[in-house]
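Reviewing the structure listed below.
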Amino acid sequence: MLNLAKGQPVDILIRKLCKSLVTPDKKKMRVIDLQSVRLISSKKKVTRREAETFCLENNVVPIRYLRNIGTIGIEGQLKLLRSTVAVCGAGGLGGTIIELLARQGIGHLVIIDNDKFAENNLNRQIIATESDLRKSKVKIAAARVKKINSAVVISAVNKTINSKNIKEIIMDASVVLDGLDNLKTRRIVARACDELEIPFVHGAIAGFSGELMTIFPGDKGLNDIWGLSADENGCGIETYTGNPAATAAVIAAWEVQEAIKIITGIGTPVRNRLIFLDFAEGTFDEISLL
């Protein structure tokens with residue numbers, strides 16, 4: 001058994017602090033509250049992430065994750081807690097992605113963005129508030145995550161993504177999520193993910209429309225959607241079509257679901273096919289890339 005410090009081994013401490021619970025479907029489960037997790041972290045001089053991991057390894061569920069367990073199980077939650085997810089961009093897509101991943105219990109978030117919040121971000125960028133204008137997006141995102149889930153480890157990378165730095169930034173990621181706003185940077189990230197053999201979840205929005213696909217190493221990718229000669233200027237089409245809050249929220253949520261499926265091994269990722277959503281018409285189209 002693990003014995004991280006003088007005194008009681010951590011498994012004994014967990015058993016003393018946890019309590020029994022009967023789920024609505026009459027299953028018995030052992031759970032532990034946030035205050036007790038903090039106590040374990042303090043007494044054993046380990047991080048909150050480590051404390052939660054020890055609990056799950058002993059089949060004790062931190063109450064904050066209780067509503068996850070019916071979907072992904074204790075083993076799935078452990079996989080999330082042990083994982084690293086990189087989010088490229090902390091704006092409309094990225095901000096919602098970050099929020100949802102923190103609540104789901106991803107253990108380590110790498111957040112990459114060099115921008116600061118502007119007033120025109122307030123319509124959709126869930127992390128932005130009026131008091132955050134002109135402040136670093138990654139710093140505000142990191143502070144937000146800590147308020148949501150103190151167990152999450154955060155690497156806030158305040159840099160412009162380019163072909164020289166991206167591999168080093170994302171090299172430890174289990175999956176990389178697209179919160180970007182231009183094709184040029186997306187190509188750079190997608191290429192790096194392919195070379196590092198990391199799945200890349202692509203999402204993009206424009207007005208009432210959004211698209212999504214997951215690209216595993218060796219899969220059909222962005223070049224198969226747009227070709228090699230597509231316009232790669234510095235801003236995306238949403239600059240012209242607009243980007244309502246709900247459009248960004250739906251695509252961001254779907255990206256997070258893809259990441260959860262990849263990490264836990266539950267479900268079928270959207271591979272070699274592009275999902276296109278038209279919210280104005282209420283239509284859903286799927287384009288096969290095979």
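Remember, it's a predicted structure, so these values are computed and weren't measured experimentally. Along the sequence shown, residues are numbered consecutively beginning with 1.
Between E52 and R48 no salt bridge is recorded (no basic side-chain N to carboxylate O distance below 4.0 Å). For E50 and K45, the salt-bridge test fails: no basic side-chain N is under 4.0 Å from an acidic carboxylate O.
Under the 4.5 Å side-chain heavy-atom criterion for ILVMFWY residues, no single connected hydrophobic cluster contains both V153 and V138. Under the 4.5 Å side-chain contact rule for hydrophobic residues, W226 and I188 share a cluster. Under a hydrophobic-cluster definition in which Ile, Leu, Val, Met, Phe, Trp and Tyr are linked whenever side-chain heavy atoms come within less than 4.5 Å, directly or via other members, L180 and L196 are assigned to the same cluster. Linking ILVMFWY residues whenever their side-chain heavy atoms come closer than 4.5 Å, directly or via other members, places V152 and I127 in the same cluster. With hydrophobic clusters built from ILVMFWY side chains whose heavy atoms lie under 4.5 angstrom apart, L13 does not share a cluster with L56.
Looking at N58, its side chain does come within 3.5 Å of a backbone N or O of F54 through a donor-acceptor pair. Remark: the backbone N or O of D115 is not paired with any side-chain donor or acceptor of K137 at under 3.5 angstrom. The backbone N or O of K159 sits nowhere less than 3.5 Å from a side-chain atom of N165 that would complete a donor-acceptor pair. For S41 (side chain) and V46 (main-chain N/O), a donor-acceptor pair under 3.5 Å exists by modelled atom type. A distance-only check finds a donor-acceptor pair linking the side chain of Q77 to the backbone of Q104 [under 3.5 Å]. Judged by distance alone, with hydrogens and angles left aside, the side-chain atoms of K135 form a donor-acceptor pair with the main-chain N or O of S131 at under 3.5 Å. A side-chain donor-acceptor contact under 3.5 Å links D224 to the backbone of G221. Checking side-chain atoms of R67 against main-chain N and O of I63 turns up no donor-acceptor pair under 3.5 Å.
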*Applying salt bridge (charged side-chain N to carboxylate O under 4.0 Å, His left out), run through E99 and R103 and close with a yes or a no.*
CA-CA 6 Å; E99 174 99 5; R103 293 187 183 279; 3.0 Å; yes
*Does the side chain to side chain contact (heavy atoms under 4.5 Å, CB included) test come out yes or no for L93 and V87, once each step is laid out?*
CA-CA 10 Å; L93 286 171; V87 183; over 6 Å; no
_Under the criterion side chain to side chain contact (heavy atoms under 4.5 Å, CB included), I'd like the reasoning laid out for C88 against D178: C-alpha separation, chi angles, the key distance, then a yes or no._
CA-CA 5 Å; C88 298; D178 180 359; 5.7 Å; no
_Is there a side chain to side chain contact (heavy atoms under 4.5 Å, CB included) between L80 and V85? Walk through the geometry before answering._
CA-CA 9 Å; L80 297 184; V85 175; over 6 Å; no
*Would I111 and V157 count as a side chain to side chain contact (heavy atoms under 4.5 Å, CB included) if you check the C-alpha gap in whole Å, the side-chain angles of each, and the deciding distance to 0.1 Å?*
CA-CA 6 Å; I111 305 170; V157 183; over 6 Å; no
*Using the side chain to side chain donor-acceptor pair (under 3.5 Å) rule, take S83 and H108 through it: C-alpha gap first, then chi angles, then the decisive distance, then the call.*
CA-CA 6 Å; S83 71; H108 180 198; over 6 Å; no
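Two residues are said to be in side-chain contact when any heavy atoms from C-beta on lie closer than 4.5 Å; E258 and L212 meet this criterion. Considering only heavy atoms from C-beta on, I262 comes within 4.5 Å of F216 through its side chain. The shortest side-chain heavy-atom distance between R30 and K19 does not fall under the 4.5 Å cut-off. The shortest distance between side-chain heavy atoms of C55 and I40 falls below 4.5 Å. Using a 4.5 Å heavy-atom threshold, the side chains of V176 and V201 count as separate. Residues M213 and I225 form a side-chain contact, since some pair of their non-hydrogen atoms from C-beta on lies under 4.5 Å apart. Side-chain contact between E211 and I275: absent, with no pair of heavy atoms (C-beta onward) separated by less than 4.5 Å. Taking 4.5 Å as the limit, every side-chain heavy atom of I260 sits out of range of all side-chain heavy atoms of T71.
Here the straight-line distance linking atom NZ of K184 with atom CD1 of I161 works out to 12.5 Å at 0.5 Å rounding. To the nearest 0.5 angstrom, L17 atom CG is 5.0 Å from I32 atom CD1. A distance of 9.0 Å separates CD1 in I154 from CG in N149, rounded to the nearest 0.5 Å. Atoms CG and NZ, from D113 and K139 in turn, are 13.0 Å apart once rounded to the nearest 0.5 Å. Taking CG from L101 and CG from L177, the interatomic distance works out to 6.0 Å, rounded to the nearest 0.5 Å. For the atom pair CG (L81) and CD1 (I74), the distance works out to 12.5 Å, reported to the nearest 0.5 Å.
With sequence neighbours left out, the salt bridge (Lys or Arg N to Asp or Glu O under 4.0 Å) criterion links K146 to no other residue.
Nearest heavy atoms, N158 versus S136: ND2-OG, 3.8 Å. Shown here for T247 and S209, the closest heavy-atom pair between the two residues is CG2-O, 3.3 Å. Smallest separation of non-hydrogen atoms from A253 and L100: CA-CD1, 3.7 Å. Across all non-hydrogen atoms, the minimal contact from A86 to I170 is CB-CG2, 4.0 Å. The nearest pair of heavy atoms linking Y65 to A151 is OH-CB, 4.4 Å. Here the closest heavy-atom approach between residue A245 and residue N123 is recorded as CB-O, 3.2 Å.
No hydrogens or angles considered: nothing links the side chains of D172 and T84 as a donor-acceptor pair under 3.5 Å. N223 and R187 form a side-chain donor-acceptor contact under 3.5 Å, judged by distance and modelled atom types alone.
A cation-pi contact, defined as under 6.0 Å to the ring centre and within 45° of the axis, is absent between R134 and F117.
Aromatic pair H202/W254: centroids not less than 6.0 angstrom apart.
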Which atom pairs, one a donor and one an acceptor, fall under 3.5 Å between side chains of residues 280-289 and the rest of the protein, sequence neighbours left out?
from: E286; atom 1: OE1; to: R273; atom 2: NH1; distance (Å): 3.1
from: S288; atom 1: OG; to: L290; atom 2: N; distance (Å): 3.3

